[in-house]
Amino acid sequence: MTLTHTLGFPRIGAHRELKQAVEAYWKGDIGAEALASAGRDLRAVQWAREAEAGLRWVTVGDFAWYDSVLDLSVLLGAVPERFGPVGDRVDLDTMFRMARGRAPSGMPAAACEMTKWFDTNYHYLAPELHQGQAFRLASESLFDQVREAQALGHDPKVVLVGPLTWLWLGRVKGVAFDRLELLSRLLPVYHAILERLAALGVAWVQLDEPILGLDLPEAWRQAFVPTYNALAVPGLNRLVATYFGRLEENREIAAALPVEGLHVDGVRGGDDVEALARCLPAPRVLSVGVVDGRNVWRTDLDAALARLRSLHDALGDRLWLAPSCSLLHVPVDLGSETRLDPEVRGWLAFAVQKLEELRVLARALDEGPEAVAPALAEARGAVAGRRASPRLHRPEVRARLRAVDDAMTRRHAPYRERAARQKARLGLPLFPTTTIGSFPQTQEIRMARRDFKAGRLDAASYRRRMEEEINAVVRFQEEIGLDVLVHGEAERNDMVEYFGEQLEGFAFTDYGWVQSYGSRCVKPPLLFGDVARPGPMTVAWATHAQGLTQKPMKGMLTGPITILNWSFVRDDQPRADTCLQLALALRDEVRDLEAAGLPILQIDEAAFREGLPLRKAERADYLAWTVRAFRVASSGVRDDTQIHTHMCYSTFNDIIDAVAALDADVVTIETARSDMALLDAFQEKAYPNEIGPGVYDIHSPNVPEVAAMVALLRKAAVHIPAERLWVNPDCGLKTRGWPEVRASLVNMVEAARVLRAAPPTPER
Ligand SMILES: Nc1nc2c(c(=O)[nH]1)N[C@@H](CNc1ccc(C(=O)N[C@@H](CCC(=O)N[C@@H](CCC(=O)N[C@@H](CCC(=O)O)C(=O)O)C(=O)O)C(=O)O)cc1)CN2
Ligand SMILES: [Zn+2]
């Protein structure tokens with residue numbers, strides 16, 4: 001029999017129950033016992049769904065209150081010293097303090113660094129590593145969850161990130177050293193974990209090693225076989241899971257791993273699956289990720305079956321079926337979407353539906369396609385229907401795409417000349433202060449929007465409510481003395497979904513939530529067809545805001561690459577084409593904002609780095625079409641209009657030339673959690689324009705001290721001449737509360753004043 005399983009399932013619940021429970025606990029509305037009970041309920045529902053779908057096991061270990069990499073760090077006893085002495089077992093609030101700097105109990109401390117999980121919009125907390133670090137088994141939570149699943153009558157497969165990927169994701173603190181040195185200290189703890197799992201009767205453990213899809217240094221490649229030799233435990237089977245990219249030169253390593261099974265991404269892995277099916281020695285299992293875990297379109301089951309049939313012939317029961325990666329990256333259940341356009345709905349599959357697709361495929365292999373003929377026919381109809389739908393195509397958009405020429409990708413004058421004109425127009429001081437765009441999205445704002453969308457609040461009242469919010473935000477910024485103001489983005493549910501809602505070619509869900517980090521979720525819009533802008537999207541709000549102040553107002557847009565990367569996008573044309581369609585729509589918006597009198601426009605490209613291909617060989621191509629798209633969106637303006645862009649969670653070393661090639665007048669970036677280390681890439685010569693290195697971390701509720709921000713800016717001034725430095729937070733303030741925002745920004749403006757009074761002297 002062909003067995004099916006899943007690498008992981010969304011942990012947030014179909015209606016974000018996890019978010020509600022965790023946030024209530026942080027606020028003190030519920031205690032640890034109620035939180036624990038909410039977790040048990042969520043897991044019970046999730047396992048029931050996996051069991052109902054006929055999976056061979058339920059997956060245990062994919063649940064986490066905040067992040068599963070963080071949970072693993074806790075399990076391994078990798079808790080940084082600043083979180084204080086921890087007992088034999090690390091407690092819940094220590095874990096929450098590592099994640100966000102504070103918890104209902106325990107002293108606040110700087111949170112661990114949070115960054116993107118490979119090329120997804122999911123964030124993990126980076127393990128902190130230091131030379132000579134000791135590890136120990138420091139949590140019972142995983143084993144408790146195994147028993148919990150067993151008590152519910154399920155047979156669990158446990159998932160953990162593997163030791164090499166965990167180390168790879170780690171950040172070295174203190175003295176620089178090779179983190180691979182820690183492997184020998186880490187393996188005994190992994191071994192102990194596996195022994196505990198074997199003792200509980202767990203038959204299979206899935207160890208995720210997605211770094212096998214990266215260009216790895218030779219020493220790391222060589223470490224794989226010895227690592228898995230060291231992790232053999234009698235009676236326990238190990239499935240090493242790879243995903244997100246092609247194995248390429250690491251294929252042989254994967255095939256040689258001394259483990260009982262291997263999972264390979266059948267969607268992004270090219271012909272890895274076929275190659276491994278030929279060389280993987282029996283009795284090893286090959287788990288094939290046939291169903292896309294990263295997108296929401298229904299699987300072309302005929303095509304999948306055609307591909308699987310020869311694998312099935314070759315491997316027999318050694319062939320397992322799974323989604324390409326964990327289903328963490330897709331929404332939970334299409335069944336919740338009662339208001340979605342029925343035609344579009346028919347094209348989709350969320351996590352629950354993807355498990356069903358696996359069941360159909362497995363039965364078709366085992367019993368022949370006749371056994372599942374109605375399901376196959378339905379899927380065939382859906383796939384063909386999407387391909388043939390007239391709603392996908394707009395000839396005028398296609399024509400415009402063909403007409404894009406090089407002139408559309410260039411500003412009139414080079415940066416130096418533009419800077420002079422912008423200076424004359426804007427009259428900003430040295431170290432100009434600004435924010436990244438959003439101000440707190442309060443409960444009241446969200447309630448008003450909910451009432452508006454539900455028809456309980458009319459459009460005029462909603463508009464007035466949002467304008468009042470803008471008025472208050474502008475007044476506040478003037479009062480504390482910020483130099484470049486923003487309108488605060490109150491009217492936006494999300495920086496991507498908001499634009500999707502105003503463009504043709506998109507559809508939306510009500511419950512299509514996907515975890516981004518911790519309790520924060522996003523609802524990626526569905527980009528299914530050619531993109532067009534029926535009318536201005538932000539001009540009315542921006543004009544209202546500019547009318548309230550003499551200070552420069554910064555118009556705020558989300559850029560084409562970020563809309564692309566944070567939507568579920570069509571797979572029937574190259575992403576580059578879709579991106580350029582978005583760029584053309586934004587170019588029109590940019591020009592409308594300029595004509596409306598906005599002197600500064602920010603085009604956020606928060607997801608620019610995230611979308612960078614994992615393999616170096618594919619990067620130049622991505623950077624070429626993304627840079628072109630950004631320039632098409634941003635270049636249609638006068639020289640004295642200042643273009644900003646913003647990027648967060650980025651490592652810039654490998655993309656600095658491309659960031660420079662965007663030719664934005666100002667780029668604001670995330671640097672505070674990494675103590676300005678990211679600025680190395682921006683050394684004067686590498687980045688020619690202005691830059692705002694974030695001076696405090698907005699992902700933590702802690703208020704930054706003036707002195708700390710002054711110190712960070714002095715550090716920044718070592719790399720970048722003071723005339724080109726801006727002062728701003730790391731990112732938008734939408735997730736923060738007003739009290740912290742007030743205190744933090746007052747301190748930030750003060751930090752800029754301190755620096756203006758005693759400017760740093762350049763160190764050359
Ligand atoms: N797409 C995207 N990706 C991103 C970011 C981003 O901003 N957008 N930022 C970076 C960090 N990631 C983030 C992801 C999410 C949030 C965030 O704040 N999400 C909100 C949801 C935002 C949203 O869509 N809100 C809706 C309403 C959602 C809602 O819960 N409404 C309630 C009512 C109000 C309430 O109870 O709060 C309801 O309908 O019942 C709105 O404002 O309209 C959340 O999880 O809480 C922040 C940062 C990286 N990736
Ligand atoms: Zn940001």
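Atoms within each ligand, like the ligands themselves, are counted from 1 in listed order. Model, not experiment: these values are computed from the prediction. We count residues from 1, following the sequence as given.
Residue contact check: T735 has heavy atoms under 4.0 Å from atoms 18 (O), 47 (C) of ligand 1. Contact atoms of ligand 1 toward Q441: 42 (O) (distance under 4.0 Å to a heavy atom of the residue). Interface atoms of ligand 1 facing K19, defined by a heavy-atom separation under 4.0 Å, are 44 (C), 45 (O), 46 (O). Of all atoms in ligand 1, numbered sequentially from 1 with element shown, those under 4.0 Å from a heavy atom of V522 are 1 (N), 2 (C), 3 (N), 8 (N), 14 (C), 15 (C). Interface of Y517 with ligand 1, defined as ligand atoms under 4.0 Å from a residue heavy atom, comprises 11 (C), 12 (N), 13 (C), 48 (C).
Looking at R492, R446, K734 and measuring to atom 20 (C) of ligand 1, the nearest heavy atom belongs to R446. Taking only non-hydrogen atoms, the option from W566, F452, W513, Y511 nearest to atom 5 (C) of ligand 1 is W566.
The aromatic rings of F244 and F118 sit tilted, their planes meeting at an angle between 30° and 60°.
Side-chain polar atoms of R11 and Q515 form a donor-acceptor pair below 3.5 angstrom. With hydrogens and angles left out, the side-chain atoms of N565 and R575 include a donor and acceptor closer than 3.5 Å. Side-chain contact annotation: H544 with N471, donor-acceptor N/O pair under 3.5 Å present. Side-chain N/O atoms of Y687 and D657 include no donor and acceptor closer than 3.5 Å. A donor-acceptor contact under 3.5 angstrom links the side chains of E610 and W566, judged on distance only. No donor-acceptor contact under 3.5 angstrom links the side chains of R724 and N689, judged on distance only.
For K453, the closest heavy-atom approach to ligand 1 does not fall below 4.0 Å. Ligand 1 lies nowhere less than 4.0 angstrom from a heavy atom belonging to H699. Heavy atoms of R449 approach ligand 1 to within less than 4.0 angstrom. For C521, the heavy-atom gap to ligand 1 drops under 4.0 angstrom.
Neither the backbone nor the side chain of Y122 has any atom closer than 4.0 Å to an atom of ligand 1 (non-hydrogen atoms only). Proximity of R450 to ligand 1, defined as any heavy-atom pair under 4.0 Å, is confined to the side chain (atoms from C-beta onward). If you look at N493 next to ligand 1, the close heavy atoms, those under 4.0 Å, come from the backbone and the side chain alike.
Counting only heavy atoms of the protein, atom 35 (C) of ligand 1 lies nearest to Q443 NE2, 3.7 Å. Of the protein's heavy atoms, N121 ND2, 3.0 Å lies nearest to atom 3 (N) of ligand 1. The protein non-hydrogen atom at the shortest distance from atom 8 (N) of ligand 1 is D494 OD1, 2.6 Å. Summary of contacts: the protein heavy atom closest to atom 17 (C) of ligand 1 is R520 CD, 3.6 Å. Nearest protein neighbour of atom 12 (N) of ligand 1, counting heavy atoms only, is S516 OG, 3.1 Å. When only non-hydrogen protein atoms are considered, atom 29 (C) of ligand 1 lies nearest to R16 NH2, 3.4 Å.
Between the S744 side chain and the V741 main chain, no donor and acceptor come within less than 3.5 Å of each other. Listed for the S519 side chain is no donor-acceptor partner under 3.5 Å among the backbone atoms of V22.
Summarising the geometry of W65 relative to D71, their closest heavy-atom pair is N-OD2, 4.2 Å, with the distance given to 0.1 Å. The two residues M495 and T558 make their nearest non-hydrogen contact at O-OG1, 2.6 Å.
The shortest N or O to N or O distance between K116 and ligand 1 is not below 3.5 Å.
Vertex the Zn ion (ligand 2); arms to C731 atom SG and H646 atom NE2; angle 120° (nearest 10°).
Exactly one of H644, Q602, K554 qualifies for a side chain to side chain donor-acceptor pair (under 3.5 Å) with T434. That residue is K554.
In this structure, R520 is not positioned above the aromatic face of W513 in the sense of NZ or CZ being under 6.0 Å from the six-membered ring centre and within 45° of the axis.
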